[in-house]
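Report on the following structure.
All values derive from a computational prediction rather than experimental measurement. Numbering of ligands and ligand atoms starts at 1, following listing order.
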Amino acid sequence: MIQGKVAIVTGSTSGIGLAVARQLAGAGAGVVLNGFGDAAQIEQLRAALSAEFDVPVRYSGADMSQPGQITEMVAETERAFGAVDILVNNAGIQHVAAVDEFPMAKWEQILAINLSSNFYAIRAALPGMKARGWGRIVNIASAHGLVASPFKSAYVAAKHGVLGLTKTVALEVAETPITCNAICPGYVKTPLVDGQIRDQAKAHDMSEERVVREVILASQPNKRFVETQAIGDIVLFLCSPAAEAITGIALPVEGGWTAR
Ligand code: NAD
């Protein structure tokens with residue numbers, strides 16, 4: 001089902017997105033990598049992925065806060081590969097501050113990258129999916145799409161918004177062979193979370209080990225980080241025939257966090 005398909009994974013130069021891109025390539029999909037980073041390292045990554053799995057891999061440097069660049073990334077992929085069959089909206093950033101001190105520019109940036117980019121990418125990719133009669137859209141939301149935590153107003157608002165968008169798109173295309181779902185991970189050990197661990201350790205004058213145990217994983221009942229590989233496996237499942245009737249869901253992958 002995935003062999004020969006074309007996938008865009010936004011924010012795939014690091015963390016969850018990179019794991020998802022690897023697994024899609026491993027399953028035989030052509031992949032478009034996207035995200036920021038050192039140009040030489042990204043090129044190395046692109047070439048290595050293509051060689052390891054013998055699939056075409058391209059890179060788009062589109063900035064997910066820029067609607068025009070998102071639309072162009074989708075159009076460019078369709079020109080180069082002939083299709084966008086699988087769209088994984090994964091790019092995201094975090095900023096932690098009290099709501100009355102939250103920098104306005106950060107709010108706008110988080111809403112743009114974590115929420116609006118999903119809308120622009122879906123809007124651009126959907127007509128081609130409809131025309132070809134198949135599509136899989138997977139939005140990487142968060143446990144913070146289901147529940148809140150203090151000091152993360154923009155992130156929580158954006159991720160709740162992603163779930164609303166996911167359900168709406170799912171309903172609009174429900175009669176077609178296109179599905180749209182969201183995955184809601186708890187804490188996954190990636191550079192995004194490493195940054196939070198460092199900041200919290202500094203703010204509370206605690207060791208990073210103590211921050212992981214008492215702050216970061218406090219809300220995650222299984223007390224383990226989610227593996228990036230697990231998120232990739234779930235994306236593959238959502239792209240498989242078994243998931244053909246799964247649409248509009250927000251799938252928690254968070255060690256029991258939202259079961260409380
Ligand atoms: P990460 O920091 O490791 O990777 C983020 C990726 O997004 C990078 O490739 C980065 O270059 C890219 N990116 C950032 N801003 C961008 C922009 N403007 N345009 C294009 N690319 C951009 O983060 P991660 O932990 O892998 O997070 C990936 C997604 O998973 C995010 O949406 C995040 O909210 C979500 N998530 C992460 C966790 C976690 O614990 N790590 C938990 C739940 C949800």
Under 4.0 Å to a heavy atom of P191 - the qualifying atoms of ligand 1, by number = 3 (O)
Working for side chain to side chain donor-acceptor pair (under 3.5 Å), residues K152 and Q196 = CA-CA 11 Å; K152 296 183 175 176; Q196 287 184 57; 3.0 Å; yes
ask   = Under 3.5 Å, is there a donor-acceptor pair between the side chain of Q23 and the main chain of Q229?
value = yes
Side-chain donor or acceptor of T13 paired with backbone N/O of F36 under 3.5 Å = yes
Contact with ligand 1 for Q109, non-hydrogen, under 4.0 angstrom = no
remark   = A student comparing F36, F225, Y155, Y187 should find that the heavy atom closest to atom 17 (C) of ligand 1 comes from F36
query = Quick check: are there more than 12 heavy atoms from other residues, nucleotides or ligands sitting under 6.0 Å from CZ of R123?
reply = no
inquiry  = Closer than 3.5 angstrom, by distance alone: can the side chain of E254 be matched with the main-chain N or O of G256 as a donor-acceptor pair?
reply    = yes
query = Do any nitrogen or oxygen atoms of G17 lie less than 3.5 angstrom from nitrogen or oxygen atoms of ligand 1?
reply = no
remark   = Quick look: N114 vs ligand 1, heavy-atom contacts under 4.0 Å, and the answer is neither
ask   = So which of G15, S60, G92 gets nearest to atom 5 (C) of ligand 1, if we judge by its closest heavy atom?
value = G92
message = Looking only at protein heavy atoms, which one is nearest to atom 43 (C) of ligand 1, and what is the separation?
response = P185 O, 3.3 Å
request  = Check each atom of ligand 1 against the heavy atoms of V193 and keep those under 4.0 Å away; list them by number with element.
outcome  = 39 (C), 40 (O), 41 (N)
ask   = Looking only at protein heavy atoms, which one is nearest to atom 21 (N) of ligand 1, and how far off is it?
value = G35 CA, 3.5 Å
ask   = For ligand 1, which atoms have a heavy atom of N34 less than 4.0 angstrom away?
value = 20 (C), 21 (N)
ask   = Can you name the one residue among N139, T247, N118, N89 that meets side chain to side chain donor-acceptor pair (under 3.5 Å) with T166?
value = N139
inquiry  = Under 4.0 Å between a side-chain nitrogen and a carboxylate oxygen: does that hold for E72 and R79?
reply    = yes
key: A62 neighbourhood, listing ligand 1 atoms whose heavy-atom distance to it stays under 4.0 Å   = 19 (N), 20 (C)
request  = For ligand 1, indicate whether the residue S117 contacts it via side chain, backbone, both or neither (heavy-atom separation under 4.0 Å).
outcome  = neither
inquiry  = Heavy-atom contact check, 4.0 Å cutoff: does G37 meet ligand 1?
reply    = no
ask   = Does D85 pair with R132 as a salt bridge, N-O distance under 4.0 Å?
value = yes
request  = Report, in ascending order of atom number, the atoms of ligand 1 lying under 4.0 Å from any heavy atom of S12.
outcome  = 9 (O)
ask   = How about F102 and H95: are their ring centres within less than 6.0 Å of each other?
value = yes
key: N or O contact, I16 vs ligand 1, cut-off under 3.5 Å   = yes
ask   = What do we get for K159 next to ligand 1 when only non-hydrogen atoms under 4.0 Å count, side chain, backbone, both or neither?
value = side chain
ask   = Does some non-hydrogen atom of I113 fall short of 4.0 Å from ligand 1?
value = yes
query = Going through the distances and angles, do H144 and S149 end up as a side-chain contact (heavy atoms from CB on, under 4.5 Å)?
reply = CA-CA 7 Å; H144 280 122; S149 293; 2.6 Å; yes
inquiry  = Is it the case that the side chain of N34 and the backbone of G11 share a donor-acceptor pair, with hydrogens and angles ignored and the cut-off at 3.5 Å?
reply    = yes
request  = Give yes or no for whether the N/O distance cutoff of 3.5 Å, strictly under, is met between M64 and ligand 1.
outcome  = yes
task = Would you please determine whether A143 falls within less than 4.0 Å of ligand 1 on a heavy-atom basis?
result = no
request  = Distance to 0.1 Å, residue and atom name: give those for the protein heavy atom nearest to atom 42 (C) of ligand 1.
outcome  = G186 O, 2.9 Å
request  = Would you mind telling me if ligand 1 is within reach of the side chain of T13, the backbone, both or neither, using heavy atoms under 4.0 Å?
outcome  = both
query = Is C184 near ligand 1, meaning one of its heavy atoms is under 4.0 Å from it?
reply = no
request  = Provide, to 0.1 Å, the distance between atom 7 (O) of ligand 1 and the closest protein heavy atom, together with that atom's residue and name.
outcome  = G11 CA, 3.3 Å
message = For atom 25 (O) of ligand 1, what is the closest protein heavy atom, and at what distance to 0.1 Å?
response = T190 OG1, 2.4 Å
task = For ligand 1, indicate whether the residue A141 contacts it via side chain, backbone, both or neither (heavy-atom separation under 4.0 Å).
result = backbone
ask   = Out of T10, V188, I183, whose heavy atom sits nearest atom 41 (N) of ligand 1?
value = V188
key: Option nearest atom 31 (C) of ligand 1 (shortest heavy-atom distance, choices N90, L33, I140)   = N90
request  = Decide whether an N or O pair under 3.5 Å exists between D63 and ligand 1.
outcome  = yes
ask   = Does N114 offer a backbone N or O that forms a donor-acceptor pair with the side chain of S117 under 3.5 Å?
value = no
message = Between the side chains of E227 and K189, is the shortest nitrogen-to-carboxylate-oxygen separation below 4.0 Å, so that they form an ion pair?
response = no
Any donor-acceptor pair under 3.5 Å from T10 side chain to N90 backbone = yes
message = Quiz question: by atom type and distance under 3.5 Å, do the side chains of T168 and E172 form a donor-acceptor pair?
response = no
inquiry  = Please compare S14, A91, A112 and report which has the shortest non-hydrogen distance to atom 13 (N) of ligand 1.
reply    = A91
inquiry  = When you measure from the side chain of K5 to the backbone of V84, do you find a donor-acceptor pair of N or O atoms at a distance under 3.5 Å?
reply    = no
remark   = Here the atoms of ligand 1 under 4.0 Å from any heavy atom belonging to I93 are 14 (C), 15 (N)
remark   = atom 23 (O) of ligand 1: closest protein heavy atom, distance to 0.1 Å, is L192 CB, 3.3 Å
inquiry  = Check this for me: E208, atom CD, are more than 12 non-hydrogen atoms of other residues, nucleotides or ligands nearer than 6.0 Å?
reply    = yes
inquiry  = Given 3.5 Å as the limit, does a donor-acceptor pair link the side chain of S12 with the main chain of V9, or not?
reply    = yes
